[in-house]
Undergrad: 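What follows is a structure written as structure tokens; I'll ask about it next.
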There are 2 protein chains.
Amino acid sequence: MSSQPASSAVRLAAETWESLFRSQVAVMRKLQSGPAFKELPVKEYDVLFTLSRCPSGQLRLNEINDKVLLSQSSLSRLVDRLEKRGLVERTTAPDDGRGVLLSLTEAGSELQKTIGREHVRDIAHLVAPALTADEQRELLRLTEKLRASVAEH
Amino acid sequence: MSSQPASSAVRLAAETWESLFRSQVAVMRKLQSGPAFKELPVKEYDVLFTLSRCPSGQLRLNEINDKVLLSQSSLSRLVDRLEKRGLVERTTAPDDGRGVLLSLTEAGSELQKTIGREHVRDIAHLVAPALTADEQRELLRLTEKLRASVAEH
DNA sequence: TCAAACTAGATGCATTTGCATGTATCAGTG
DNA sequence: CACTGATACATGCAAATGCATCTAGTTTGA
């Protein structure tokens, strides 16, 4: 298969992950320190964002939990906070009495859009000067491929 | 400059970041649930790892803080915990009385190596099946380029 | 059909985190 | 050299997080 010793393959994978991880840290650092997240912590925004991207407008809590790096209980309480602020609504899932469907309220949708506009600008200011459009497309492709593969296994 | 409308450039940057972020979440999820991190939380391991990679064997707290996604105070207390477990040592920086140099103890070095071996295997099991060696090298290059650019600005 | 096993989500509680602030040291200016 | 402001790290305290567990609804299989 490989023309290289196994240790090199392992090493390359480790270095790749390390670089991906550090770049994520560096970018996230900048993003979360921006003024866009004074009103709402990044993790809470991320839930609003995820809901806003969802075609049906509703997601199960466990679906959301797959997207964010939070334990199930932490997500449950994060949603408590969002609900208390009137940004989201919990509904019992119609097909499964155990499940909870989450949806944005009007206020939640508005806040997501407001923060989102600024957030997207911040992202562009960090990413665009760093990588060409082609490089961004390639990075997008590679990370998506990685994510999809990891999600399966 | 660009042959595309500005909104497309912004959109591409945002999608690229989103994909990078989600892939990081997916991989980290798997990694931190592995048995390697029963003994020591990932963030604490990361500090040991960072120290182990450092040529001088010593790093200032603020240097470490650049690498991890933690507030200054959280890192300070994380180091408290590591110190209490005898895994690291604090020393006053010789050239700057305010600074603290952190170094691994023998026990800390041992634990880092033990966890590290397993951790690296776990990484390889996730990354190697997902991307070819060339793709990994490209992902490494792009994320490093992104990190370096973000670190400057 | 019904009990056992499983799944989704909520909750008690101890730990971790971050914000604001405190203390000590350093660097620059008159 | 004294003074002002900045930097490095520590700490009090409130909030967020995760583990273990609980409740309720669902699936399985004898």
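Naming: A, B, ... by sequence-line order, numbering from 1 per chain.
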Undergrad: Regarding Ser19(B) and Thr16(B), do their side chains bring together a donor and an acceptor under 3.5 Å, going by distance alone?
TA: no
Undergrad: Verify, without hydrogens or angle tests, whether Thr105(A) (side chain) and Leu87(A) (backbone) share a donor-acceptor contact under 3.5 angstrom.
TA: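 Yes, the answer is positive, given that a donor and an acceptor are paired below the 3.5 Å cut-off.
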Undergrad: State plainly whether the residues Arg60(B) and Asp96(B) are in salt-bridge range, i.e. N to O under 4.0 Å.
TA: yes
Undergrad: Would you say the side-chain atoms of Ser76(B) and Ser73(B) include a donor-acceptor pair closer than 3.5 Å?
TA: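 Result is no, nothing qualifies.
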Undergrad: Go nucleotide by nucleotide along DNA chain C from the 5' end; which of Glu44(B) and Gly97(B) gets its closest nucleotide reached first?
TA: Glu44(B)
Undergrad: Round to the nearest Å and state the distance from Leu70(B) atom CG to dT15(C) atom P.
TA: 19 Å
Undergrad: Measure CG/Asp46(B) against C1'/dT16(C) and give the value in whole Å, please.
TA: 16 Å
Undergrad: To the nearest Å, how far apart are Asn65(B) CG and dC19(C) P?
TA: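 In whole Å, dC19(C) P lies 12 Å from Asn65(B) CG.
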Undergrad: Rounded to the Å, how far apart are Leu69(B) CG and dT16(C) C1'?
TA: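 Result: 14 Å.
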Undergrad: Before we go on, tell me: are the rings of Phe37(A) and His119(A) under 6.0 Å apart, centre to centre?
TA: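 Under 6.0 Å, so yes.
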Undergrad: Should Arg121(B) and Glu118(B) count as an ion pair when the cut-off is N to O under 4.0 Å?
TA: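 Salt bridge absent between Arg121(B) and Glu118(B).
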Undergrad: CG of Leu40(B) versus C1' of dT15(C): gap in Å, rounded?
TA: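 Interatomic distance, CG of Leu40(B) to C1' of dT15(C): 15 Å.
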Undergrad: Separation of Leu78(A) atom CG from dG18(D) atom P, in whole Å?
TA: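 Those two atoms, CG and P, are 10 Å apart.
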Undergrad: Between Pro94(A) and Lys43(A), just flag the one whose closest nucleotide in DNA chain D comes earlier from the 5' side.
TA: Lys43(A)
Undergrad: When Leu61(A) is tested against each of Val47(A), Leu102(A), Leu101(A) for side chain to side chain contact (heavy atoms under 4.5 Å, CB included), which residue passes?
TA: Leu102(A)
Undergrad: I need the CZ-C1' distance between Arg81(B) and dT17(D), as an integer number of Å.
TA: 12 Å
Undergrad: When you measure from the side chain of Arg22(A) to the backbone of Arg147(B), do you find a donor-acceptor pair of N or O atoms at a distance under 3.5 Å?
TA: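 Not confirmed, Arg22(A) side chain does not pair with Arg147(B) backbone.
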Undergrad: Quantified as the angle between the terminal helix axes (five pairs each), what is the overall bend of the helix from dT1(C)-dA30(D) to dG30(C)-dC1(D) to 10 degrees?
TA: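 Here the helix ends are tilted 30° relative to one another.
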Undergrad: Quick one: do Arg137(B) and Asp134(B) satisfy salt bridge (charged side-chain N to carboxylate O under 4.0 Å, His left out)? Show the steps, please.
TA: CA-CA 5 Å; Arg137(B) 274 185 282 270; Asp134(B) 279 346; 3.0 Å; yes
Undergrad: Can you give one letter per nucleotide of nucleotides 1-12 of chain D, 5' to 3': B if a protein heavy atom sits under 4.0 Å from the base, S if only from the sugar-phosphate, - if neither?
TA: ------BSBBBB
Undergrad: Could you check how far CZ of Phe37(B) sits from P of dT17(D), rounded to whole Å?
TA: 21 Å
